[in-house]
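Per chain, numbering begins at 1; letters A, B, ... match sequence-line order. Model, not experiment: these values are computed from the prediction.
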Amino acid sequence: MLQAINLRKTYKVGKVEVEALRGVNLKISEGEFVMVKGPSGCGKSTLLYILGAMARLTYGRALVCGQDIGSMTDRQLAQVRRRNIGFVFQKFNLLPTLAARDNIEVARRIHGASRGRNGHDLSEIAQLLNIEDKIDRKPSELSGGEQQRVAIARAVITRPSILLADEPTGNLDSLNSKIVLSMFKELNQKLRQTIVFVTHNPELVAYADRLIEMRDGLITCDTYL
Amino acid sequence: MYATLIISGLIARPVRTAVSVMAVALEVILILTIIGLANGITTETGRRTEGVGADIMFQAPNSSLLLALNNSSLPVALSNKLREIEGVKAVAPVQVQVNSSSGLEVIYGIAPDSFDQITGGFIWHSGRNFAASNEIVVDDLYAASKGLKPGDSLDILNHNFKIVGVVEHGKGARLYIPLKTAQEMAGTQNRASLFYIKLSDSHQLDQVVERMKTAFPEYRILPMKEYTTLMMSNYMSAFDAFIHVVVLVAVFIGVLVIFLSMYTTITERTREIGIFRSLGASTSFIVSLIFQETALVCVVGVALGVVSSFLIAHGVTFMFPTLQVMITPRWVVKASISALLSGLIGSLYPALRAAAQDPVEAFAYE
């Protein structure tokens, strides 16, 4: 489903080159719930963005659903994101001017899927994430946990095969973190979605099938739990 | 969904939206009122000249089509020779004077008897025709614009006149004074700027014109319809450059304002666009979103601009009855298209910039 082969990523900060990834090798199969853990700046988010076709790699290969995304154009990368990937971010990244319902529908519109044909029914997903009664509220009228559940609904409404989450519990308290994690687990079990979950919180590791630990742009540990 | 996205985006930034709408409206108002004023003045001048009711205009060689610019170069005695030409019913010598102290007022120096033979006589609103050299007759629009009535005095070209009558507008000039007075004021005794000629049978126009041209080969002899067409095209060619400049300036303002507005909003909405990009939005989705938002602003601006232009036109005519603002459907369409095009041109670069936004960089933007 996802594969990284000797993946390297170098950023230029002013005149200084920073190596965020220094040769990452990784293979994630369909339906896996993978937790990527490591301290800030270890390259876990960079790895997630490259595997999610959001950032370009500097060297090596990255495969998403068998497609080599390293040589793709911006348009092709957008197509990969649209068809295969759902993102959940730490800062929720909801559109502040739209109600929760419209935030979720935006993804469906961009995906081009019609209701019930190529995606989930909105009420079905709202029920699964326990936000049915919040669906007409704007993000500013929702708690952090509720906003993150709306963001998850937006990420999964088009039934992507891969769900990538970049510290989605980073802005939540422990109770909401557990609720969100339970939902990811449920999505993984019910919908067989491949989930890559980036965190630096060791308490959340128990929810995953596999733990990858990173340090200084390299994978230091890869364990099935 | 597009509609919700676009409208919510516009409502979320009410000041920017209002400024953009007003800028587009201003562009439309600028085009419609200035060109409407130019059209109105030209058309009204043509109508007034036609309204004299003459069949032929007789002018000295090399005279200007703009009557106000002519010197008194025709001997009045020539009118007697013209009357002898077969088919000529009446000849009215007219001395044209212009008062530019408050706008551009055309004054006709006329001999009432001969002028009435051409025009069929004035329609009187009040008063009578002039009998003394210091008496003046004005048309109703001029009287209304200045709040004048018979008995009032009027200073024109350093002469003090007494208003003795108010007539219906549409017979060449707005002010009429005795021919002799006009000649004295111009220092050209027994001369006139032009002759208006009425035929016994207007169907004989071509033949009479030929006879006149044979008898007076040096002079400009024009059927009135031909004169009006020539004068209008003369005016219009002079206005053409002006109109082009007005439209270009208006469109330029529109492009700049929309560009600035959309550029600002794209910068403000960097994170929002990053969200669309992360969801896999195509270039066409984002460009289309920006274009539709701009189009909505332009449509509202155009509607506001057109309505305001008509209100301004009515206001101008109400406050200055001698000024006509002629807003034609053709120019409403042209102004609307110009505004829409300037909006789309102005938003093109911001839209492409938004579509090329790197999602990761967008999320880092605060």
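- Under the 4.5 Å side-chain criterion, counting only non-hydrogen atoms from C-beta, A/Arg61 is in contact with A/Leu63.
- Between B/Glu293 and B/Arg269 there is a salt bridge, with a side-chain nitrogen of the basic residue lying less than 4.0 Å from a carboxylate oxygen of the acidic one.
- For A/Leu94, the part lying near chain B is the backbone, with the side chain staying farther off; criterion is any non-hydrogen pair under 4.5 Å.
- With a threshold of 4.5 angstrom between heavy atoms, B/Thr283 does not approach chain A through any atom at all.
- A/Arg8 and A/Thr58 form no side-chain donor-acceptor contact under 3.5 Å, judged by distance and modelled atom types alone.
- Residue with the most contacts toward chain B among A/Val80, A/Leu95, A/Asn93, A/Thr97: A/Asn93 (heavy-atom pairs, distance under 4.5 Å).
- A salt bridge between A/Asp74 and A/Arg56 is present, with a side-chain N of the basic residue lying under 4.0 Å from a carboxylate O of the acidic one.
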